[in-house]
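Here's the structure, in structure tokens; my notes come after.
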Amino acid sequence: MAILVAAIMLATAPVRANETEITVGVYHFPPIASVNSDGKVEGFLGELLEVLEQIHPDVSFHIIHTSPKRRHLDFDAGLYDVIFFQSPDWGWTKKDVDITHPILADEELYVALKKPGRDSSFFDDLHNRSIVAISGYYYGFAGYETDNSVLEQKFNIEFSDSHARNMNLIKVDRPSVAEVAIVSHSYLQRHLARHPEDRDKLLISNEPDQRYQLSIIARKGGAASADQMLELLAPLVDNGRYRQLVENWGLQLPAGFLTSFEAP
């Protein structure tokens, strides 16, 4: 029996030794990504990582649960090497990182309760509105400032970590707490699909708070470079599976992505 166990260990050792483990930082960013109570990543990213491991048996992804506020601190501390679907403008341009070209696109919209006489001009001056937002997110109206204390000096703003809570605050009509929420187009469409009755209750801005194109951020000298991440993604782009996954989650590809995508 001992000889058999030793033989099995020797047979499997080269596979384990050659496997590349990529540590991925993930925070609550629905429907793009979230982490459940078991520490498993869900949403579009969860499905994408599962497919990537299927087509690349020599690669595995280890998930590190971070938060919008901690994402940069945890990266600087070396807790993870790669984070998916980030705009370089979200605090990454001054860090020693590799950044892929954009691979995903979305936008964020203002949402309020629909009332008589209220139209999209309601969102013109957010300094006069009660705002509910996600702590640590970068917002266009705030000049991409993420310091809560600074934002509280400039706006009447409340912070949470839940889009669902923010939407509920809007719907219960508590103007002293929340008149305006900011949610992504993809999240809003999924919300309305689940709650079609809200279509007649909500006022949605015509112009977005921001449009963003999202990339993969990789640590220089880490487990995988930006180019290597694109190489892992390339088979899914070539066979159309990546586009299918994106569309299934109500997300968008950057303009010209399919015609210009070339793995390094």
Side-chain angles (χ1 to χ4, degrees), residues 22-46 49 61-99 104 106-111 126-127 129-170 177-178 180-188 208-219 222:
I22 301 172
T23 307
V24 181
V26 182
Y27 63 86
H28 191 60
F29 187 22
I32 290 177
S34 59
V35 178
N36 65 22
S37 58
D38 296 326
K40 183 179 179 180
V41 60
E42 297 180 331
F44 170 58
L45 178 59
L49 293 182
F61 296 99
H62 177 65
I63 303 304
I64 296 295
H65 186 194
T66 184
S67 73
K69 294 288 286 185
R70 293 199 324 267
R71 72 182 109 165
H72 303 105
L73 294 174
D74 288 349
F75 181 84
D76 292 343
L79 298 186
Y80 64 87
D81 284 324
V82 168
I83 186 166
F84 282 72
F85 308 128
Q86 294 285 290
S87 168
D89 294 333
W90 296 347
W92 297 106
T93 55
K94 295 182 180 180
K95 295 189 178 295
D96 191 26
V97 294
D98 280 336
I99 303 176
L104 196 67
D106 204 355
E107 61 184 20
E108 291 189 334
L109 301 166
Y110 303 126
V111 178
L126 293 183
H127 286 88
R129 306 296 176 212
S130 300
I131 303 167
V132 60
I134 302 293
S135 181
Y137 275 27
Y138 287 79
Y139 293 108
F141 79 88
Y144 299 99
E145 174 61 64
T146 59
D147 188 318
N148 288 5
S149 62
V150 172
L151 292 172
E152 287 170 344
Q153 293 174 7
K154 294 182 177 181
F155 300 94
N156 181 9
I157 189 167
E158 176 167 318
F159 298 98
S160 80
D161 59 2
S162 168
H163 289 287
R165 175 181 180 272
N166 294 354
M167 293 292 286
N168 285 334
L169 284 173
I170 295 298
V177 177
V180 177
I182 308 99
V183 297
S184 68
H185 176 270
S186 56
Y187 179 87
L188 182 60
D209 173 74
Q210 62 174 310
R211 293 185 175 95
Y212 40 70
Q213 298 193 75
L214 306 178
S215 303
I216 302 173
I217 309 292
R219 182 186 308 280

Checklist entry - After noting the C-alpha distance and the side-chain angles of I64 and V24, does the key distance pass the side chain to side chain contact (heavy atoms under 4.5 Å, CB included) rule? => result CA-CA 6 Å; I64 296 295; V24 181; over 6 Å; no
Checklist entry - Under the side chain to side chain contact (heavy atoms under 4.5 Å, CB included) criterion, do T66 and L73 qualify, and how do the steps go? => result CA-CA 9 Å; T66 184; L73 294 174; over 6 Å; no
Next on the checklist: If you apply the rule side chain to side chain contact (heavy atoms under 4.5 Å, CB included), what do you find for L188 with M167, and how did you get there?
Outcome noted: CA-CA 9 Å; L188 182 60; M167 293 292 286; 3.9 Å; yes
Next on the checklist: The test is side chain to side chain contact (heavy atoms under 4.5 Å, CB included); show your working for E108 and Y187 and say whether it passes.
Outcome noted: CA-CA 9 Å; E108 291 189 334; Y187 179 87; over 6 Å; no
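In this structure the side chain of V26 never reaches within 4.5 angstrom of the side chain of F84, judged on heavy atoms. Residues Y139 and I134 meet the side-chain proximity criterion, which asks for heavy atoms closer than 4.5 Å. F159 places a side-chain heavy atom less than 4.5 Å from the side chain of L151. Contact of the L109 side chain with the E107 side chain is registered, since non-hydrogen atoms from C-beta on lie closer than 4.5 Å.
Within the cation-pi definition used here (under 6.0 Å to the ring centroid, within 45° of the axis), R70 does not qualify as a partner of Y27.
Looking only at distances, a side-chain donor or acceptor of R71 sits under 3.5 Å from a matching main-chain atom of P68. Remark: the backbone N or O of D147 is paired with a side-chain donor or acceptor of E145 at under 3.5 angstrom. In this structure a side-chain-to-backbone donor-acceptor pair under 3.5 Å is present from N36 to D38.
What you find for I182 and A133 is that their closest heavy atoms are CD1-CB, 4.3 Å. The minimum heavy-atom distance between D106 and S184, with the atom names listed, is OD2-CB, 3.6 Å. Annotation for H163 and P30: closest pair CD2-CG, 3.4 Å, computed over non-hydrogen atoms. Scanning all heavy atoms of the two residues, the minimum distance from I217 to Q86 falls at CG1-CB, 3.7 Å. When all heavy atoms of V97 and W92 are compared, the pair lying nearest together is CG2-O, 3.7 Å. In terms of heavy-atom proximity, L79 sits nearest to R219 at N-NH2, 4.4 Å.
The OG atom of S135 sits 11.5 Å away from the CD atom of E158 when rounded to the nearest 0.5 Å. Within the model, atoms CD of Q213 and CG of D89 stand 10.5 Å from one another, a figure rounded to the nearest 0.5 Å. Atom OG of S34 sits about 11.5 Å away from atom NZ of K40, to the nearest 0.5 Å. Rounding to the nearest 0.5 Å places CZ of F141 at 6.5 Å from CG of D209. Separating the OG atom in S87 from the CD1 atom in I99 is a distance of 8.5 Å, to the nearest 0.5 Å. In this structure, L214 CG and I216 CD1 are separated by 10.5 Å, a value rounded to the nearest 0.5 Å.
Less than 6.0 angstrom separates the ring centroid of F155 from the ring centroid of H127. Separation of the W90 and Y137 ring centroids does not fall under the 6.0 Å cut-off.
Counting non-hydrogen atoms of other residues, nucleotides and ligands closer than 6.0 Å to CG of N156 gives a total above 12.
A salt bridge links D76 and K95; the closest N-O separation between the charged side-chain nitrogens and carboxylate oxygens is under 4.0 Å.
If you check the side chains of Y80 and D74, you find no donor sitting under 3.5 Å from an acceptor. For the 3.5 Å distance criterion, the side chains of D161 and S67 fail to qualify, holding no donor opposite an acceptor. When only modelled atom types and interatomic distance are considered, N166 and S160 share a side-chain donor-acceptor pair under 3.5 Å.
Below 30°, between 30° and 60°, or above 60°: for Y138 and H72 the angle between ring planes is above 60°, a perpendicular geometry.
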